[in-house]
Novice: 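Encoded as C-alpha cells, here's the structure I'll be asking about.
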Amino acid sequence: MKGYQAYTLRNFREIPQVSQRLSEEELFDIEVVGNILPFKVNNYVADQLIDWENYREDPIFVLTFPQKGMLQPRHYEEMAQAIRSGARKPELRLIARKIRLELNPHPAGQLAHNVPSVGDVRLTGVQHKYRETMLFFPSQGQTCHAYCTFCFRWPQFVGMNELKFAMRDTELIIKYLRANPRVTDVLFTGGDPLIMKAKILSSYLDALVEARIPNLKTIRLGTKALSYWPQRFVTDEDADALLASFERVKKAGIHLAFMAHFNHPQELRTEMAAEAIRRIRNSGAIIRTQSPIMRNINDNAGVWAEMWQKQVELGCVPYYMFIARDTGAQHYFAVELERAWRIFRQAYQRVSGIARTVRGPSMSAGPGKVQVLGVSEVAGEKVFVLQFLQGRNPDWVSRPFFAQYDPRAIWLDGLRPAFGRKEFFFEREYPLARRQQPVAEPAM
Ligand SMILES: *Cc1c(COP(=O)(O)O)cnc(C)c1O
Ligand code: SF4
C-alpha cells in the first residue's frame, strides 16, 4: 500500500502530532489500555481525519486511540502497576489475557451457534445465522487498516488465536451455497476484506462468479477502508485491478454491495474518501452505510443527521444504526436504549425521505437484530416497543413485542418482558441468558 504507515503500541510515539501534543500521562494511558484492547492507527487517519487542536474530544481520536476510561479502574490499575514495576512481556501478556476474558470476548454466542458444516467438515470461516445471508471470513482479511477502539471483533486482533474464525477454501463455500438454496447473499467480512490484495480478493470473487450458483444474488463487502484507507480504491498500485474485479461481479449479473462502516461525518470530508466512493459507484457497486451509536464518538442527533445527509450527497445509502455491543469497553461506549432511540428519532426527523432508508437503533443480539421502535405506554404500563429486523427464526421478524421500560437498559439481556410475562415470545426457542450488565456512565 503506497504511502501507508501503520502505528501500534510499539511506535505510536513517533506520530508527530502525538509526540508534540500528548502529555507523559496520556502516553502512559495509551500504553496501559493498548496492552489489553487492540490499537492500530495509520498516517492517513492521523494526518487527515483527526483534529489535533481538540484531540481529547475528537471523535476519530477516541475511535482509534485507546482511552483510559475504556478500562474499569481495577483493570486499569492492575495493568498500570505491572508496567510501572517493569514487568516483562510474557507477564504483561498473562495479565492482559486474564482481563480480556472478563470483557465478554464472545458476545451473541458467536462461537457456539453459527458455524455450519458441509458433510463432516465444519466451515470455521463461515457464520450462518440468518437464512438468506452467509458471512465469510477469508483468512487473509482478518486485520484492518486501523482498529476501532470499540470493535466487537477485538479478540482476534489481540492474538486470542484459538478464537479466530477464518478460512481460505472457496470450494467448500460453493458446496455449501449449492446445498442451501435459500442463501442469496454472501457477506465478506473480517477484519476488513479490503485489506486483501486485489489478486487475492478477486480470486475469491471470481470463484464465486464462475461457479454460477443460481441462488447467489448478492455479494457484500463489509469494510471500513473508505474511512481508514480510501487510497485502497484510488492510488494503491492495485486499485484499478480491484475496481475491475468489482466490475466483473456486476457483469455476471450479481449485485455487489459495500457495507461501509462510517462513524462520523468527519470521515467523509476528505477528497480521497469522496473520490474512492465515486470510483466504487462507477464500478456498478452500491454503497450502503452502517455504524454503531457510541458515547464519546457520535451520541448526538446532529452528527447522525449530518452523516446521513453527506452520505446521500455522495451517492451512498444509509442502512443501519447499531447499539454498542455487550463486549470490550461497553461501559465506556454504551448509550442507553432509550437515549439511542431518541437520538435516532431526532436525526431521522431532520433528513428527507431519501436518507430514511436507515433502520435502527438495532442490537445484534443472540436471537437476532432487535430494533428499538420506541418508548410507549400500553394498557397503563410504560414499555419499550421492539421488533426483530433479523431473526434466527425468520418468523420472528417484524412482530412488535414489549419489554418493561427501564431507563438504564443498554442491551437486550437487561430487559424484562412487559405485562408480567415470564419470557419474551421467542424465548421458548431461544432463551436469553440474562447477565449482570455494566451500567452506562452518565451522558456528558
Ligand atoms: C447483520 C447480519 C447479517 C446481515 O443482515 P442484513 O439485515 O441482511 O443486512 C448477516 N449475518 C449476521 C450474523 C449479521 O449480524
Ligand atoms: S474496521 Fe471493523 S473489524 Fe476493523 S476494528 Fe473497526 S469495527 Fe473492528
Side-chain angles (χ1 to χ4, degrees), residues 6 8 37-42 45 60 62-66 107-111 113-116 126-137 141-158 164-166 182-195 217-229 232 255 257-264 267 286 288-292 294 297 317-325 327-329 333 357-360 362-371 387-392 394 396-398:
T8 65
L37 296 170
F39 173 33
K40 175 159 95 182
V41 67
N42 66 48
V45 174
I60 311 301
V62 176
L63 170 65
T64 50
F65 283 78
Q110 291 191 66
L111 287 185
H113 290 292
N114 307 318
V115 178
V126 168
Q127 251 183 287
H128 189 190
K129 179 167 172 179
Y130 305 132
R131 193 171 62 195
E132 289 77 18
T133 304
M134 184 194 109
L135 305 193
F136 172 42
F137 297 74
Q142 300 311 307
T143 183
C144 307
H145 295 96
Y147 291 147
C148 310
T149 41
F150 59 67
C151 181
F152 74 95
R153 299 252 163 85
W154 62 271
Q156 74 188 45
F157 303 135
V158 293
K164 214 167 182 170
F165 304 103
R182 304 291 295 256
V183 179
T184 55
D185 292 33
V186 173
L187 198 169
F188 284 67
T189 181
D192 190 333
L194 266 307
I195 201 91
K217 308 290 184 200
T218 297
I219 296 177
R220 307 197 215 177
L221 301 171
T223 184
K224 193 156 170 76
L226 282 165
S227 161
Y228 283 162
W229 192 250
R232 185 73 201 89
H255 176 52
F258 270 67
M259 313 308 291
H261 176 191
F262 290 108
N263 308 112
H264 197 279
E267 296 161 290
I286 301 241
R288 296 176 205 280
T289 61
Q290 54 191 29
S291 169
M294 294 285 173
I297 294 180
V317 183
Y319 190 63
Y320 273 136
M321 175 202 270
F322 294 118
I323 286 169
R325 285 226 191 192
T327 181
F333 292 116
T357 46
V358 67
R359 290 160 305 151
S362 165
M363 293 173 266
S364 292
K369 282 185 166 68
V370 178
Q371 181 185 21
Q387 74 168 355
F388 281 94
L389 293 171
Q390 284 291 358
R392 210 168 263 288
W396 299 344
V397 172
S398 269

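Just so we're clear, the structure is a prediction, and the values are computed from it rather than from any experiment. Whatever order the structure lists them in is the order used to number ligands and atoms, beginning at 1.
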Novice: Determine whether Arg325 and Ser364 make a side-chain contact, defined as any pair of heavy atoms from C-beta on separated by less than 4.5 Å.
Specialist: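 The answer is yes, as the side chains (C-beta and beyond) meet within the 4.5 Å cut-off.
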
Novice: With sequence neighbours excluded, what pairs up with Thr218 under the side chain to side chain contact (heavy atoms under 4.5 Å, CB included) test?
Specialist: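 Thr218 satisfies side chain to side chain contact (heavy atoms under 4.5 Å, CB included) with Asp185, Arg220, His255, Ala257 once adjacent residues are dropped.
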
Novice: Got a sec, which residues hit side-chain hydrogen bond (donor to acceptor under 3.5 Å, both in side chains) with Tyr147, two or more places apart in sequence or on another chain?
Specialist: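 Tyr147 satisfies side-chain hydrogen bond (donor to acceptor under 3.5 Å, both in side chains) with Thr143 only.
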
Novice: May I ask you to test the Cys148-Tyr228 pair for a side-chain heavy-atom distance under 4.5 Å?
Specialist: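 SC-SC contact between Cys148 and Tyr228 confirmed.
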
Novice: With a 4.5 Å heavy-atom cut-off, do Phe150 and Leu63 have their side chains touching?
Specialist: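 In contact.
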
Novice: For the residue pair Arg359 and Tyr319, would you count it as a cation-pi contact if the rule is NZ or CZ under 6.0 angstrom from the ring centre and within 45 degrees of the ring axis?
Specialist: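 Cation-pi check for Arg359 and Tyr319: passes.
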
Novice: Find out whether Ile195 and His145 are in side-chain contact, i.e. whether some heavy atom of one side chain is under 4.5 Å from a heavy atom of the other.
Specialist: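 Yes - at least one pair of side-chain heavy atoms lies under 4.5 Å apart.
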
Novice: Could you check whether any side-chain heavy atom of Ser362 comes within less than 4.5 Å of a side-chain heavy atom of Val370, counting everything from C-beta outward?
Specialist: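 Ser362 vs Val370: side chains apart.
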
Novice: Are side-chain heavy atoms of Phe136 and Gln127 found at a separation under 4.5 Å?
Specialist: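 Counting from C-beta outward, Phe136 and Gln127 never come under 4.5 Å.
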
Novice: List, pair by pair, the atoms of ligand 1 and of the protein that are both N or O and lie under 3.5 Å apart, giving the separation rounded to 0.1 Å.
Specialist:
unit_1	atom_1	unit_2	atom_2	d
ligand 1	7 (O)	Tyr320	OH	2.5
ligand 1	7 (O)	Gln390	NE2	2.9
ligand 1	8 (O)	Arg220	NH2	2.8
ligand 1	8 (O)	Gln390	NE2	3.2
ligand 1	9 (O)	Arg220	NH1	2.8
ligand 1	9 (O)	Tyr319	OH	2.7
ligand 1	15 (O)	Lys369	NZ	2.8

Novice: Show me, by chain and number, every protein residue that has a heavy-atom distance under 4.0 Å to ligand 2.
Specialist: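 Its neighbours under 4.0 Å (heavy atoms only) are Cys144, Tyr147, Cys148, Cys151, Phe157, Gly191, Lys224, His261, given by chain and number.
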
